[in-house]
Q: 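First the structure, which I've put down as structure tokens, then a few questions once you've had a look.
Hydrogens, waters and symmetry mates are skipped; everything else that's a heavy atom, side chains included, is used.
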Amino acid sequence: MKLTLHIWRQRSPTAKGQMVRYDVPDVSPDMSFLEMLDVVNEGLILKGEEPIAFEHDCREGICGSCGFMINGVAHGPSRGTAVCQLHMRQYKDGDVLFVEPFRARAFPLLKDLAVDRRALDRIITAGGYISVRTGSAPEGNVIPVPKEKAELAMDAAACIGCGACVAACPNASAALFTGAKITHLGLLPQGQAERDQRAKKMVAQANVEVFGNCTNIGECEAVCPKEIKIEVIARMNRDYLKAAWKNRESYRDDDPVELALSRGKP
Amino acid sequence: MAPLKIESKLPSGPIEQAWEKAQFEMKLVNPANKRKYNILVVGSGLAGGSAAASLGELGYNVKCFCFHGSPRRAHSIAAQGGINAAKNYQNDGDSIFRLFYDTVKGGDFRAREANVYRLAQNSVRIIDQCVAQGVPFAREYGGALANRSFGGAQVSRTFYARGQTGQQLLLGAYQALERQVDEGTVQMLPYTEMLDLVVVDGHARGIVTRDLLTGEIKCHVGDAVVLASGGYGNVYYLSTNAKGSNATAIWRAHKRGAAFANPCFTQIHPTCIPVSGEYQSKLTLMSESLRNDGRIWVPKKPHDKRPPDQIPEEDRDYFLERRYPSFGNLVPRDVASRNIKMVCDEGRGVGPSGLGVYLDFADAIRRLGRATIAERYGNLFEMYERITGENPYEVPMRIYPAIHYTMGGLWVDYELMSTIPGLFVLGEANFSDHGANRLGASALMQGLSDGYFIIPYTIGNYLASNKLEKVGVSHPAFRSVEAEVVAMTKKLLSINGTRTTTSFHKELGKIVWDKCGMSRNAGGLEDALGRIRGLREEFWKNVKVVGDSNDLNASIEAAGRVADYFELAELMCIDALDRNESCGGHFREEYQTSDNEALRNDELYSYVAAWEFTGVKSPPKLHKEPLEFHYVHPSQRSYK
Amino acid sequence: MSSLAVGSPYDRAFRFYESTVFKKAVMAVTGLILFAFVIGHLIGNLQVYEGPEKMDAYGRFLRIEPVLLWAVRLVLLGAVLLHILMTVQLALLKKKARPIGYVKKDNSHSSYASRTMYWSGPIIAVFIIYHILHLTLGVAQPDGFEEGHPYANLVRGFQNPAVSSFYILAMILLCLHLYHGVFSMFQSLGANHPIYTPLLRKFAAGIAIAIAIGYISIPVSVLAGWLH
């Protein structure tokens, strides 16, 4: 089949970008979207032009490297699918596709379709973990975890950190990402000790990174390649509000916002 | 350069106490002094991430490098099946010794006993550690950890988190790593690729990196360098590795004096989705667990083009069940792969290319019901349908083997140190624990064992035993390596030929896959060597690399990696040619039993082949590390 | 890291106030108050169907205790102001969080109501001001305002089709606002449940439509001549 692509090309973070049109003949329905871009890039290289930059790695939907907008939808039209597993049989001859990078202030553009998503790492750095020193763990079966809890935790833990939720959100909020980690760890008995601090610190970091606020409209869950539900955002809100209310002594704590600011940007 | 020494430093005495004894004998670094040591960790997957986190916790000053934008993107994340541990929670007779035994035997007696025993011991602590980190392992209704049997093991010792065990273990290590980033003990350097190793006075003292966003070439000084950069499966172009997985870090360390061990030991995974066309960029693995319920078959007659549902039972050949009645479809990976290749070579392969066999769930759906199958494999079936457009509930899956893992890697001693003092190698990047064939659910175990529970002890021993002089980036060794790296990038950009890097890589991959893949023979390997050399020369004259060296440029990244693959592919073929026996993933057609099983030669080849680099155009020098077996006596593997 | 410690309980409260989650919680609580008012106000207003005596008596009843009345009015005013203040702050953040928009953006999942909260809200706010001027203070009553005779004021006002139209439009927007808002306030306060939340969404839709129908019935009845 033949496709027309309009792709955002931008030489560098500071250069001016624009949509550039590419006509792609001979697209096989068995190709993945990224393989189709590979073919375009091979052609560009042979012409001496720079290939279209896009991040990708595992190409099996788990590493979270890939991601851009296709016709205004993060990761394209297939539900529960990262763009690397989107196959061209989704499209038909003559389709016109607009391909743009994820847009958010917290995701500075690097080049073409590649954006810097390290802000998500900093949200994890702020408290998205259980503090356990290597070697200090008790026997694995000492603390039973109800199957249902483990399954729910796994649903949230499936997040691949691709940033599609941010890209799709009209407010560029990272609530689904942040909520997923808070939910994953907050559901497990191992995660209780730091539960309050975790919510406070991670939310503070997301705010400092200038992700927007959540307006509960659910665009994020629609594009999430792992189909994480906005229930995790409610859990984040709950944990955060509880944490704000509890900890009567906590005015002696480290200030999560100051800590978040101190993490700074690279 | 000091002559290369192969000293495995294996502990003496009973194997059960060997690691404890070795730990006790290791020197310790005073807690207050740890922060004075700079450790460079290259790679942030299971091995690198867990190592960086653990070393940071101990108080070392760690810099961790990854070429991805985030350490969480390392390819460990893609491991599906699970992680083995000798917990014996199922009361089915598992033990540390049994896991050890299975791994040595599964590796076709080409691994060190002491290493494997330590791995089995550590497996137990890994599970504890990961549970405490919040890895959401599958649970039973009572809340206890669940297990499944995996990869043909006779006991249920595999722990799993749906089909995303690698992801969850990696996120555990990643979170531990990020915690140390916050503590200030680890500095994370994403978008940074190691391009060379700097050796000063015989010790690894630093690395040279390229910032993938700005192109800046930079030197980093350390007291020790830890490579955990993964395997080299992408030599084959098409593999289940991630597109970015590469051998540059280990290969350039090899060129600086680290011996490369058993390069020809590569693992082919039997259950991958077959290639669909020329544009194919990578292969997708379908979890091995599918073989628990799926039945593998091909038509009895060659070139039978009927659709599968019109081939009656009597015209089908369930060849694994026929040849291996006791293990059936669950034979180890190397055996399954080889048999699949054999039936396809007979013209009985299925699908448009003829390179595929059916993995059929019809019987299992009849027996257990569609719901049960959906519960077990639903996500895998969906993935298969997304990629192929076929519904595996209705039509049998088609699978074909693909390169999945490389058992070979940089040679390391018992302390995971390479032949360059101060250069440690962990995870898939080293050669240590899997011999000639890796068992399912063992890669995650090894990566974490190396990172959490071995390197924290052994690196201390090295640092405490060696007085290293202070060096800075202005040291001549750093200056000259940096200049070489800059020159190579310049050279690649200046060739301006007519072929793309990818076209070279594809051609190389095809040669290596055909001649040094699932089965090898002397003639083919000789032929491959000639063609690889020719292709390498053409590459350096005719490759086209576009763009600038000072920004994000995937074209330069790829060219540098492929340049290394030519040299590595050559070494793989040389090693395969030199090893005149069949063992594990290395099947030499000349050495097989009358019923086409691998024929090992323990008398002549019970050794680790450690190759020393002597120059791109001069033959590598072979060093042999003999293998001794005191606990598991070499026998012919039989899965009949 | 003592230098990073929050100095006093006031600082700490300020930190929470600054967070997006807290702001959304404030929107939820104020939204809940206003939602309760909208229901109460509707129940009161529906007495219009029981005739002028009943309606005017209800008007007098509300004014029996001026302190209480003003307390309620202040709470409502505070809720409105906070609701708006949070909206403005979050809208500014929204703009800041995505300075460069998309050439093409498709909203595939969210409801029309949820995406138009930023429009329905301000229009309702304008309506409330007008509504108070019209029927509480009487300054915007076109044909004369009689203090203490809400029934007459109401009928006279709605006999003007322009007034009724604006009222109806505002009530449709209120319906949309509540359709998303009632679900959203629970979500913002951290209540989401796989079984009850879908029910809540149905309830939200039902009550939003019921409220709108209830309110809209009044100008319609006036225009149709059933109330006079």
Q: Just wondering, do A:E219 and C:N107 contact through their side chains at under 4.5 Å, heavy atoms?
A: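 C:N107 reaches A:E219 side chain to side chain.
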Q: Pick whichever of A:I217, A:N171, A:N71 has the most heavy-atom pairs under 4.5 Å with chain C.
A: A:I217
Q: What part of A:F211 lies closer than 4.5 angstrom to a heavy atom of chain C: side chain, backbone, both or neither?
A: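 Interface part for A:F211: backbone (N, CA, C, O).
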Q: Would you say that more than 12 heavy atoms from the other residues, nucleotides or ligands in this model lie under 6.0 Å from the CD of C:E18, or not?
A: yes
Q: Within the structure provided, determine whether A:V232 and C:N192 are in side-chain contact (heavy-atom separation under 4.5 Å).
A: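 Not touching, per the 4.5 Å side-chain cut-off.
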Q: Which bit of A:I230 is near chain C, if near means a heavy-atom gap under 4.5 Å: side chain, backbone, both or neither?
A: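 A:I230 touches chain C through backbone and side-chain heavy atoms alike.
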Q: Is it true that a side-chain atom of C:K105 and a backbone atom of A:A168 form a donor plus acceptor pair closer than 3.5 Å?
A: yes
Q: Counting only heavy atoms closer than 4.5 Å, note whether A:C220 contacts chain C via side chain, backbone, both or neither.
A: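 Contact with chain C is absent: no heavy atom of A:C220 under 4.5 Å.
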Q: Who wins among A:T215, A:V223, A:V166 for the most heavy-atom pairs under 4.5 Å with chain C?
A: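 When all of A:T215, A:V223, A:V166 are compared, A:T215 has the most.
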Q: Who among C:S111, C:S188, C:P194, C:A113 has the most heavy-atom pairs with chain A under 4.5 Å?
A: C:S188
Q: Please classify the contact of A:P101 with chain C as side chain, backbone, both or neither, using a heavy-atom distance under 4.5 Å.
A: backbone
Q: Check whether C:F186 gets within reach of chain A through its side chain, its backbone, both or neither, counting any heavy atom under 4.5 Å.
A: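 For C:F186, neither part sits under 4.5 Å from chain A.
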Q: Please check if any side-chain donor atom of C:T20 sits under 3.5 Å from a side-chain acceptor atom of A:N207, or the reverse.
A: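 Yes.
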Q: Counting N and O atoms only, with roles assigned by atom type, does the side chain of C:R98 sit under 3.5 Å from a partner on the main chain of A:C169, one being a donor and the other an acceptor?
A: yes
Q: What are the two closest heavy atoms between A:R105 and C:P99, and how far apart are they?
A: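 Result for this residue pair: CB-CD, 3.6 Å.
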Q: Could you tell me the separation between the CG atom of C:D106 and the CD1 atom of A:I70, rounded to the nearest 0.5 Å?
A: 12.0 Å
Q: Can you name the nearest heavy-atom pair linking C:A97 to A:A172, along with the distance?
A: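 Heavy atoms of C:A97 and A:A172 come nearest at O-CB, 3.6 Å.
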Q: Does any heavy atom of chain C fall under 4.5 Å from the side chain of A:E231, the backbone, both, or neither of them?
A: both
Q: So for A:A204, is it side chain, backbone, both, or neither that comes closer than 4.5 Å to the heavy atoms of chain C?
A: neither
Q: C:K24 and side chain to side chain contact (heavy atoms under 4.5 Å, CB included): which single residue from A:N213, A:L241, A:I233, A:N237 fits?
A: A:N213
Q: Is the number of heavy atoms from other residues, nucleotides or ligands within 6.0 Å of OH (C:Y179) greater than 12?
A: no
Q: Mind ranking A:E100, A:H6, A:M19, A:K229 by heavy-atom pairs under 4.5 Å with chain C and telling me who comes out on top?
A: A:E100
Q: Counting only heavy atoms not in C:Y196 (residues, nucleotides, ligands), do more than 12 fall under 6.0 Å from its OH?
A: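 Result for OH/C:Y196: open.
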Q: List the atom of A:Y240, the atom of C:F22, and the distance in Å for their closest heavy-atom pair.
A: CE2-N, 4.3 Å
Q: If I measure from the heavy atoms of chain C, does A:A167 come under 4.5 Å with its side chain, its backbone, both, or neither?
A: both
Q: Answer yes or no: does atom NZ of A:K149 have more than 12 heavy-atom neighbours from other residues, nucleotides or ligands under 6.0 Å?
A: no
Q: Please identify, among A:R238, A:M236, A:M69, A:R103, the residue contributing the most non-hydrogen atom pairs under 4.5 Å to chain C.
A: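 With the most close heavy-atom pairs to chain C, the winner is A:R103.
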Q: Is there side-chain contact between A:N216 and C:H180, with heavy atoms separated by less than 4.5 Å?
A: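 When only atoms from C-beta onward are counted, C:H180 and A:N216 do touch, with a gap below 4.5 Å.
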